[in-house]
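Model, not experiment: these values are computed from the prediction.
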Amino acid sequence: MGASVIVENLCVAAGEQTLVDRLSFAIQPGEVLALIGESGSGKTTTALALMGHARTGCRISGGSVRIGDTEVLGLPPAGQRALRGRTVAYIAQSAAASFNPSRTIMDQTVEPARIHGICSRAEAEAKAVGLFRELALPDPENIGSRYPHQVSGGQLQRLMAAMALIADPDVVILDEPTTALDVTTQIEVLRAFRRVVRERRATAVYVSHDLAVVAQMADHILVLRNGKMQEVAPTERILEAPSHSYTRSLLAAARPEPRASGQCSGESELLLDVRELGAGYGPVDAKGRPAKLILEGIDLKLYRGQAIGVIGESGSGKTTLARAIAGLIKPCHGSMLFNNRELKPTLAERSKEELRRIQIVFQMADTALNPSQTIERILARPLQFYKGLRGDPLRRRIHQLLDLVQLPRSVAGRLPGGLSGGQKQRVNLARALAAEPDLILCDEVTSALDTVVGAAVLDLIAELRRELGVSYLFISHDLHTVRAVCDEIVVMQNGRKLAQVARADYDRGPHHPYYELLARSVPELRRGWLDEMDRAPAPVD
């Protein structure tokens, strides 16, 4: 059974800046409270403070956090360490970054139980296997002997939940645990998390920007903006009758509306023509085939000003397609024409002008930005390389780019580590726009963004199409997002193109069964959707 959580006048600061401002709320034992708001609203900062923890450069500057009878903020450091993992456990957004790649899964899963002296190694391993089974992981008796890189992202996310639950904590904090997962995997993980939380009657805090996911998980929702509470209410009331205008804006952004499309095929020139493209990784054999073939026989036509969406689950070949077009991996067969000229297979073979005209925005903003360079320096590089800008013209253009992606000019002097995930992704987009490209390859650019920022990025993409005639290949696992910005959708599975659906046919079926599965797997913005999915019959292949 979970413990109560009572927070009173919590304040967290970074230097002179207030990150969380006099926040108060209570969670009853066994209840799930969702913290929602856009990037930088203080969601994760608040969640971490429940463990008495503040990130580097931050400090908890006031207030009270009580878990059961324990005043967390009054504990000495040793007492807080004893609390973490035992009384309160944390499930992070990025499981891949949370596991040690050099140790087995079992070693890491039993570690909290061993550190806190709860049980013997043999008892902890038996308990871990039980949790693997409870979380619907495959081969629960043996999966612990694998290493983190040997399981999928969805499995790793559930394994991190097992690690958090092994010490039977009273409070569980889930920080965006399904954000980076594709929709079909997300359903599996949501089902597992919700079942475990319900059966254990754990008190839980669920941090998310996805209201549709929150609707399936939470009893109450607390809406945060700039570190201040806007409102808190039962989930049904927030979804049906929100009292605050900001909450209404979050609901409006939760399911993006279609953006005005650019030019359609037949109305403009053919920009990119991909024919029978194949690509993969690893050593190539005598016939030039790589050891691991990812893409096979991909045909694709993209016209100037057009946006084509590419959807499919993790491992379907979406990102490999974008990397092949960008010249980051060499195709093993097929051809690519760009502006009616052959596009050389690798970056090294392409001209400076070809490099400028095709830009890629990567999914993981954290790894795409150099952590040791300021935002100004990051944006200056393409402007210097492609445009030869220096001095005042360079600074003015950097400011224009920051304005374009709705970032304050003050971020120019900051390092990436000082920005939120959403802000970093907007810097990523600004860097691509600096080259003034004809084609932008967007690889899951909104998957890690909150709904408000994501909607703003989608608006920006639509605006750039209309004003500049920029074309997009928009890779995503979120069908709602793709439908909002794209003229056509390419459906991929196991490295092959299964179908291509035009905007006019989005709501007219029947479509390929796999497309229908992806469409059904996107959470709906209402209570009870996940229960209905649990009761629905499995699709027939």
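Residues F474 and I308 fail the side-chain proximity criterion, which asks for heavy atoms closer than 4.5 Å. For the pair I375 and P416, the minimum side-chain heavy-atom distance is below 4.5 Å. Residues E532 and E524 are not in side-chain contact: their nearest non-hydrogen atoms beyond the backbone lie 4.5 Å or more apart. Taking the side chain as every heavy atom from C-beta outward, V411 and E376 never approach each other to under 4.5 Å. Between I325 and M336 there is a side-chain heavy-atom pair separated by less than 4.5 Å. Residues L321 and V490 fail the side-chain proximity criterion, which asks for heavy atoms closer than 4.5 Å. Counting heavy atoms from C-beta outward, H511 and D505 have side chains that approach closer than 4.5 Å. Residues L272 and S471 form no side-chain contact, since every pair of their non-hydrogen atoms from C-beta on lies 4.5 Å or further apart.
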For residues 426-442, run the donor-acceptor check on the side chains, cut-off 3.5 Å, and write out each pair with its distance to 0.1 Å, sequence neighbours left out.
from	atom 1	to	atom 2	distance (Å)
R426	NH1	Q406	O	2.9
N428	OD1	R431	NH2	3.0
N428	ND2	Q425	OE1	3.0
R431	NH1	A368	O	3.3
R431	NH2	A368	O	2.8
E436	OE1	K387	NZ	3.2
D438	OD2	R357	NE	2.3
D438	OD2	R357	NH2	2.8

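Look at D403 and R397 and you find no salt bridge, because none of the NZ, NE, NH1 or NH2 atoms lies under 4.0 Å from a carboxylate O. In this structure, K497 does not pair ionically with D299, as no charged nitrogen and carboxylate oxygen lie closer than 4.0 Å. For the pair R191 and E188, the salt-bridge criterion is not met [side-chain N within less than 4.0 Å of a carboxylate O]. Checked for salt-bridge contact, K330 and E349 miss the test: no charged N lies under 4.0 Å from a carboxylate O.
Side chains of H333 and E276: no donor on one and acceptor on the other come within 3.5 Å. With hydrogens and angles left out, the side-chain atoms of Y515 and Q493 include no donor and acceptor closer than 3.5 Å. For T104 and R146, the side-chain atoms include no donor-acceptor pair closer than 3.5 Å. A side-chain donor-acceptor contact under 3.5 Å links N370 and S372.
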For a side-chain contact (heavy atoms from CB on, under 4.5 Å) check, start with the C-alpha distance between Y206 and L35, then their side-chain angles and the critical distance, and finish with the verdict. CA-CA 6 Å; Y206 197 101; L35 301 179; over 6 Å; no
Could you go through L224 and E38, starting from their C-alpha distance and side-chain angles, then the distance that decides it, and tell me whether this counts as side-chain contact (heavy atoms from CB on, under 4.5 Å)? CA-CA 8 Å; L224 276 170; E38 51 196 304; over 6 Å; no
Would R414 and T374 count as a side-chain contact (heavy atoms from CB on, under 4.5 Å) if you check the C-alpha gap in whole Å, the side-chain angles of each, and the deciding distance to 0.1 Å? CA-CA 5 Å; R414 292 164 69 180; T374 63; over 6 Å; no
Apply side-chain contact (heavy atoms from CB on, under 4.5 Å) to R356 and F385, showing your working. CA-CA 9 Å; R356 180 190 71 78; F385 182 74; over 6 Å; no
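Shortest non-hydrogen contact noted between L239 and R526 is CD1-CA, 4.3 Å. Nearest heavy atom pair, residue E313 against residue S316, reads O-OG, 2.8 Å. Scanning all heavy atoms of the two residues, the minimum distance from A47 to V207 falls at CB-CG2, 3.8 Å. Of all non-hydrogen atoms in Q373 and R381, the two that sit nearest each other are OE1-CD, 4.1 Å. Annotation for V274 and L277: closest pair CG1-CB, 3.6 Å, computed over non-hydrogen atoms. Residues Q108 and M163 share a closest heavy-atom pair of O-CG, 3.4 Å.
Note that CD of Q186 is 9.5 Å distant from CG of L530, once rounded to the nearest 0.5 Å. Atom-to-atom distance recorded for D487:CG and Y472:OH is 12.0 Å, nearest 0.5 angstrom. Residue Q306 holds its CD atom at 9.0 Å from SG of C486, rounded to the nearest 0.5 Å. To the nearest 0.5 Å, the span separating CZ on R194 from CG on L174 amounts to 13.5 Å. I105 contributes atom CD1, which lies 5.0 Å from atom CG of L159 (distance to the nearest 0.5 angstrom). Rounded to the nearest 0.5 angstrom, I36 CD1 and T247 OG1 are separated by 6.5 Å.
Side-chain atoms of K318 come within 3.5 Å of backbone N or O of G312 as a donor-acceptor pair. Side-chain atoms of D139 do not come within 3.5 Å of backbone N or O of I143 as any donor-acceptor pair. Between the side chain of Q216 and the main chain of W529, a donor-acceptor pair closer than 3.5 Å is present. E354 contributes a side-chain N or O that, together with a main-chain N or O of S351, makes up a donor-acceptor pair within less than 3.5 Å. Proximity of a side-chain donor or acceptor of R304 to a complementary backbone N or O of E269 within less than 3.5 Å is not detected. Of the possible polar contacts, none joining the R289 side chain to the C332 backbone as a donor-acceptor pair under 3.5 Å is found. At distances below 3.5 Å, at least one donor-acceptor pair connects side-chain atoms of R465 with backbone N or O atoms of G305. Of the possible polar contacts, one joining the S249 side chain to the Y246 backbone as a donor-acceptor pair under 3.5 Å is found. Side chain of Q359 to backbone of L355: a donor-acceptor contact under 3.5 angstrom is found. In this structure, R323 contributes its side chain and I329 its backbone to no donor-acceptor pair below 3.5 Å.
Atom NZ of K292 has 12 or fewer neighbouring heavy atoms from other residues, nucleotides or ligands inside a 6.0 Å radius. Heavy atoms from other residues, nucleotides or ligands lying under 6.0 Å from CZ of R496 number 12 at most.
The aromatic rings of H149 and Y147 lie parallel to each other, with less than 30° between the two planes, well short of the 60° mark.
Partner of M492 under the side chain to side chain contact (heavy atoms under 4.5 Å, CB included) criterion, chosen from I311, I298, L498, I475: I298.
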